[in-house]
Amino acid sequence: MTELKSLFGIGEKNDAYAKYFIGQSYLNMLARNGGVGVANVTFEAGCRNNWHIHHGGGQILLVTNGRGYYQEWGKPAQELNPGDVVNIPAEVKHWHGAAKDSMFAHLAIEIPAENASNEWLEAVSDEVYALLK
């Protein structure tokens with residue numbers, strides 16, 4: 001396995017959300033201030049989260065380590081590398097996670113909104129994931 005490295009520490013196994021991931025992820029909550037949450041999420045190689053939608057507020061991903069992907073429903077996946085930024089608007093169905101051969105880490109910044117919530121959906125199928133380069 002590729003060594004897990006993260007500028008902000010990998011944190012603990014992400015057991016609370018494990019049912020929404022394929023593979024092992026780690027969560028290090030860095031800040032929660034005035035409704036803005038900032039977490040470092042680290043994915044082992046091949047780990048990805050399920051399709052999901054942020055209702056109300058969106059999310060910003062700041063890629064810090066490794067190589068991964070982000071995909072919106074109905075669009076091709078985009079490769080992510082350190083320094084990449086993804087602005088995810090509210091109500092957009094998407095997923096993100098590590099490449100098959102690389103760990104991946106990003107800061108996830110929650111955009112605050114009244115009654116914001118996260119809806120977890122189906123897993124990213126092995127067939128869809130296998131198409132990634």
Side-chain angles (χ1 to χ4, degrees):
M1 177 177 69
T2 304
E3 181 182 351
L4 296 178
K5 299 176 190 174
S6 178
L7 292 173
F8 297 95
I10 66 168
E12 302 296 323
K13 286 186 175 182
N14 192 6
D15 292 336
Y17 293 92
K19 65 184 176 184
Y20 305 119
F21 285 74
I22 293 175
Q24 184 63 59
S25 66
Y26 300 84
L27 181 64
N28 187 12
M29 198 65 195
L30 301 175
R32 186 166 294 284
N33 185 356
V36 176
V38 179
N40 184 66
V41 184
T42 303
F43 302 75
E44 288 184 359
C47 178
R48 69 244 188 215
N49 55 29
N50 288 6
W51 291 98
H52 57 286
I53 300 171
H54 302 285
H55 297 294
Q59 185 179 52
I60 300 169
L61 305 179
L62 305 174
V63 180
T64 58
N65 295 86
R67 186 170 68 88
Y69 294 96
Y70 167 79
Q71 184 175 16
E72 293 181 3
W73 187 259
K75 296 183 179 179
Q78 63 185 78
E79 184 175 310
L80 298 176
N81 294 285
D84 287 341
V85 177
V86 180
N87 289 291
I88 306 168
E91 312 308 327
V92 172
K93 184 176 179 178
H94 67 282
W95 70 272
H96 33 102
K100 298 170 204 151
D101 60 352
S102 176
M103 61 73 62
F104 177 63
H106 62 58
L107 297 180
I109 303 169
E110 301 170 10
I111 306 301
E114 192 172 327
N115 299 318
S117 65
N118 195 30
E119 180 182 2
W120 289 100
L121 304 164
E122 70 273 15
V124 175
S125 72
D126 290 340
E127 294 76 22
V128 167
Y129 189 73
L131 295 174
L132 303 173
K133 297 180 182 183

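Numbers here are sequence positions counted from 1.
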Would you give the length of the straight line joining atom [atom1] of [X] to atom [atom2] of [Y], rounded to the nearest 0.5 angstrom?
| X | Y | atom1 | atom2 | answer |
| --- | --- | --- | --- | --- |
| I53 | W120 | CD1 | CH2 | 11.5 Å |
| N87 | L61 | CG | CG | 8.5 Å |
| E110 | H54 | CD | NE2 | 8.5 Å |
| Q59 | N118 | CD | CG | 7.5 Å |
| H106 | T64 | NE2 | OG1 | 8.5 Å |
| N65 | S102 | CG | OG | 9.0 Å |

Give a yes or no on whether the backbone of [Y] and the side-chain of [X] come within a donor-acceptor separation of less than 3.5 Å.
| X | Y | answer |
| --- | --- | --- |
| E91 | G56 | yes |
| N50 | L121 | yes |
| N28 | F8 | yes |

By side chain to side chain donor-acceptor pair (under 3.5 Å) - contacts of Y69 (at least two apart): R67
Qualifying residues under side chain to side chain donor-acceptor pair (under 3.5 Å), relative to E122, sequence neighbours excluded: K93
H96 ring center within less than 6.0 Å of F104 ring center: no
Decide yes or no for [X] and [Y]: does some side-chain heavy atom of the first lie under 4.5 Å from some side-chain heavy atom of the second?
| X | Y | result |
| --- | --- | --- |
| V128 | Q71 | yes |
| Q24 | E44 | yes |
| L62 | I109 | yes |
| F21 | F43 | yes |

W51 and W73 aromatic ring geometry - parallel, tilted or perpendicular at 30°/60° bounds: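 Answer is perpendicular, since the angle exceeds 60°.
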Under a 4.5 Å side-chain heavy-atom rule over Ile, Leu, Val, Met, Phe, Trp and Tyr, are [X] and [Y] clustered together?
| X | Y | result |
| --- | --- | --- |
| L80 | L132 | no |
| V86 | V38 | no |
| V41 | I10 | no |
| L7 | M29 | no |
| I111 | V85 | yes |

Atom pairs and distances, donor-acceptor, side-chain atoms in residues 11-20, under 3.5 Å, two or more places apart:
| residue | atom | partner | partner atom | Å |
| --- | --- | --- | --- | --- |
| N14 | ND2 | S25 | OG | 3.1 |

Mind listing the closest non-hydrogen atom pair of [X] and [Y] along with its distance?
| X | Y | result |
| --- | --- | --- |
| C47 | G23 | SG-C, 3.6 Å |
| A98 | G46 | CB-N, 3.9 Å |
| G57 | A113 | N-CB, 3.4 Å |

Candidate pair R48 and Y129, rule side-chain contact (heavy atoms from CB on, under 4.5 Å), full reasoning: CA-CA 9 Å; R48 69 244 188 215; Y129 189 73; 3.5 Å; yes
L30/L107 under side-chain contact (heavy atoms from CB on, under 4.5 Å): CA gap, chis, key distance, verdict: CA-CA 9 Å; L30 301 175; L107 297 180; 3.6 Å; yes
Donor-acceptor pair between N40 and T42 side chains, under 3.5 angstrom: yes
Donor-acceptor pair between H52 and E119 side chains, under 3.5 angstrom: no
E72 and W95: CA distance, side-chain angles, deciding distance, side-chain contact (heavy atoms from CB on, under 4.5 Å) verdict: CA-CA 7 Å; E72 293 181 3; W95 70 272; over 6 Å; no
Working for side-chain contact (heavy atoms from CB on, under 4.5 Å), residues I88 and Y70: CA-CA 10 Å; I88 306 168; Y70 167 79; 3.6 Å; yes
